[in-house]
**Q** 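Have a look at this one.
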Protein chains: 2
Amino acid sequence: MDKPRDVTDSELAVLDVLWNQPQATIREITEAIYEDYSPSSHATVQKLLERLEAKDCVARDRSGFAHRFRATIERSDLLDRQLEAVADKLCEGSLTPLLLHLASRTKLSDEERKLLRKLINDRT
Amino acid sequence: MDKPRDVTDSELAVLDVLWNQPQATIREITEAIYEDYSPSSHATVQKLLERLEAKDCVARDRSGFAHRFRATIERSDLLDRQLEAVADKLCEGSLTPLLLHLASRTKLSDEERKLLRKLINDRT
DNA sequence: GACATCTCAGACAGAATGTCTGACACTGCC
DNA sequence: GGCAGTGTCAGACATTCTGTCTGAGATGTC
């Protein structure tokens with residue numbers, strides 16, 4: 001029952017590229033993140049992808065010469081994970097206190113308030 | 001603008017004791033956390049408190065021989081910090097997406113739903 | 001004064017993170 | 001076939017964070 005490691009800021013940058021551009025190669029990702037492409041930044045991205053793969057956030061297609069990567073989680077999945085981690089840490093795993101806490105201190109526009117009411121009513 | 005470090009699980013255990021028992025000494029905290037009191041566990045708690053102090057989570061009263069500690073943040077403040085950290089990381093700092101996200105996937109009892117509606121309506 | 005208890009400074013190992021180097025494999029072109 | 005360009009992979013490396021522990025010295029009690 002080992003706690004899944006958090007996704008790092010650098011790793012998130014890689015995921016961001018992958019969300020915009022699925023099936024990217026390491027070179028493409030590197031060029032998107034670092035302004036100057038170099039063998040070492042290429043290797044850095046390689047290592048980040050390797051770790052993201054270990055965290056089940058990325059899948060690798062080995063069929064071509066240069067491997068192609070895609071994200072296996074969406075941004076909202078990651079949000080879920082993070083919120084669950086907070087809930088585990090501070091609310092015995094329950095998300096409800098988070099929701100109530102946020103509802104009591106977040107300023108909402110009329111628009112958002114309306115949407116939120118709808119969301120609540122739709123849940124059975 | 002360095003990002004404030006997260007509170008560790010061990011540090012949280014210390015805060016938990018402090019929330020139950022304000023004005024505690026290191027010895028009291030140590031005895032509450034570790035089953036066997038020892039000089040080394042005492043020193044460990046000392047170090048955790050030192051780090052919590054650096055993170056502005058704990059204040060120290062040096063007037064007596066043995067210092068007394070109290071938490072300077074509540075559990076809900078910590079919850080706030082964590083949620084803000086998630087928002088910074090994934091939602092450009094806005095808490096609203098978190099709220100909407102949670103509202104759309106958290107199961108609520110009728111009781112909770114009622115409370116949540118009230119919370120929303122009370123926000124101006 | 002003897003002894004327990006405290007604080008404080010710092011050492012220490014293990015893990016996570018970001019970076020980089022070197023060895024080797026594949027591709028395509030001459 | 002040979003070679004340059006590009007890939008992968010394994011691993012070294014410094015830094016930081018975390019939890020733990022030791023030793024020196026100050027303060028309290030009897």
Side-chain angles (χ1 to χ4, degrees), chain A residues 1-17 23-70 78 81-82 85 89, chain B residues 1-17 23-70 78 81-82 85 89:
Chain A
M1 200 65 87
D2 41 345
K3 179 177 304 192
R5 277 276 121 216
D6 193 20
V7 170
T8 297
D9 285 346
S10 305
E11 289 166 351
L12 184 56
V14 171
L15 280 179
D16 258 325
V17 176
Q23 305 297 329
T25 62
I26 296 181
R27 182 172 209 103
E28 287 161 356
I29 299 169
T30 307
E31 280 167 351
I33 295 180
Y34 296 85
E35 32 201 64
D36 56 330
Y37 176 88
S38 74
S40 53
S41 48
H42 182 107
T44 299
V45 172
Q46 162 104 26
K47 187 62 79 180
L48 293 175
L49 282 163
E50 190 181 312
R51 288 170 185 162
L52 279 169
E53 213 181 352
K55 290 175 187 173
D56 287 325
C57 298
V58 148
R60 182 191 298 249
D61 170 9
R62 308 179 112 93
S63 59
F65 173 45
H67 297 179
R68 296 206 163 264
F69 296 84
R70 66 180 174 79
L78 197 51
R81 285 196 196 186
Q82 306 268 326
K89 198 162 179 176
Chain B
M1 201 67 81
D2 41 344
K3 179 177 302 195
R5 277 274 120 219
D6 194 20
V7 170
T8 298
D9 284 346
S10 305
E11 289 167 351
L12 185 57
V14 171
L15 278 178
D16 258 326
V17 176
Q23 305 298 329
T25 63
I26 295 181
R27 183 172 211 104
E28 287 162 357
I29 299 169
T30 308
E31 279 167 351
I33 295 179
Y34 296 86
E35 31 202 65
D36 56 331
Y37 176 88
S38 73
S40 54
S41 48
H42 183 106
T44 299
V45 172
Q46 162 103 27
K47 186 63 79 183
L48 294 175
L49 282 163
E50 191 181 310
R51 288 169 185 163
L52 280 170
E53 213 182 350
K55 289 174 187 174
D56 286 326
C57 298
V58 147
R60 184 191 298 248
D61 171 9
R62 309 179 111 94
S63 60
F65 174 45
H67 297 178
R68 296 205 163 263
F69 296 82
R70 67 181 173 80
L78 197 53
R81 286 195 195 186
Q82 308 268 325
K89 197 161 177 176

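Worth saying up front: this structure is predicted, and the values here are computed from it rather than measured. Lettering of chains follows the sequences in order, A, B, ..., and the numbering in each one begins at 1. Computation of the quantities below employed the complete heavy-atom set of this structure, encompassing side-chain atoms and omitting hydrogens, waters and symmetry-equivalent molecules.
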**Q** For nucleotides 14-21 of chain D, give me one character per nucleotide, 5' to 3': B if any protein heavy atom sits under 4.0 Å from the base, S if the only such contacts are to the sugar-phosphate, - if neither.
**A** ---SBBBB
**Q** If the condition is ring pair (Phe, Tyr, Trp, His ring centres under 6.0 Å), which residues does Phe65(A) pass it with, not counting sequence neighbours?
**A**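 Not a single residue meets the ring pair (Phe, Tyr, Trp, His ring centres under 6.0 Å) criterion with Phe65(A).
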**Q** Ser38(B): what forms a side-chain contact (heavy atoms from CB on, under 4.5 Å) with it, not counting sequence neighbours?
**A**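 Partners of Ser38(B) under the side-chain contact (heavy atoms from CB on, under 4.5 Å) test: Ser40(B), Ser41(B).
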**Q** Taking CG from Leu49(A) and C1' from dT19(C), how many angstroms apart are they, rounded to a whole number?
**A**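 One finds 15 Å between C1' of dT19(C) and CG of Leu49(A), rounded.
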**Q** Just jot down the ring pair (Phe, Tyr, Trp, His ring centres under 6.0 Å) partners of Tyr34(A), sequence neighbours excluded, or say none.
**A**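 With neighbours one apart ignored, the set is empty.
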**Q** Please report, rounded to the nearest Å, how far the P atom of dA16(C) is from the CG atom of Leu52(A).
**A**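 Distance check: Leu52(A) CG to dA16(C) P gives 15 Å.
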**Q** Find the distance Gln46(B):CD to dA26(D):C1' and express it as a whole number of Å.
**A**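 Those two atoms, CD and C1', are 13 Å apart.
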**Q** Find the distance His42(A):NE2 to dT21(C):P and express it as a whole number of Å.
**A**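 Interatomic distance, NE2 of His42(A) to P of dT21(C): 14 Å.
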**Q** Can you tell me the distance, in whole Å, between the CD atom of Glu50(B) and the P atom of dA11(C)?
**A**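 In whole Å, dA11(C) P lies 14 Å from Glu50(B) CD.
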**Q** Among residues 57-70 of chain A, which residues get a heavy atom nearer than 4.0 Å to DNA chain C?
**A**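 Hits under 4.0 Å, by residue number: Phe65(A).
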**Q** Of all residues at least two apart in sequence or in a different chain, which pass the side-chain contact (heavy atoms from CB on, under 4.5 Å) check with Thr25(B)?
**A**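 For Thr25(B), the residues satisfying side-chain contact (heavy atoms from CB on, under 4.5 Å) (neighbours in sequence not counted) are Arg27(B), Glu28(B), Ala66(B), Arg68(B).
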**Q** According to side-chain contact (heavy atoms from CB on, under 4.5 Å), who are the partners of Thr8(A), at least two apart in sequence or on a separate chain?
**A**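 Checked Thr8(A) against side-chain contact (heavy atoms from CB on, under 4.5 Å); matches are Ser10(A), Glu11(A), Lys55(A).
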**Q** Indicate yes or no: does Asp56(A) engage Arg81(A) in a salt bridge with an N to O separation below 4.0 Å.
**A**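 Between Arg81(A) and Asp56(A) there is no salt bridge, as every charged N stays at least 4.0 Å from the carboxylate O atoms.
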**Q** Considering only residues two or more places apart or on different chains, which pairs with a residue in residues 32-51 of chain A satisfy salt bridge (charged side-chain N to carboxylate O under 4.0 Å, His left out)?
**A**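 Qualifying pairs: Lys47(A)-Glu50(A).
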**Q** My understanding is that only residues two or more places apart in sequence, or in another chain, count here; which of them pass side-chain contact (heavy atoms from CB on, under 4.5 Å) with Arg70(A)?
**A**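 Counting only residues at least two positions away or on another chain, Arg70(A) forms a side-chain contact (heavy atoms from CB on, under 4.5 Å) with Gln23(A), Ala59(A), Thr72(A).
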**Q** Expressed as a whole number of angstroms, how long is the span from Leu12(A):CG to dG18(C):P?
**A**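 For the pair Leu12(A) CG and dG18(C) P, the rounded distance is 11 Å.
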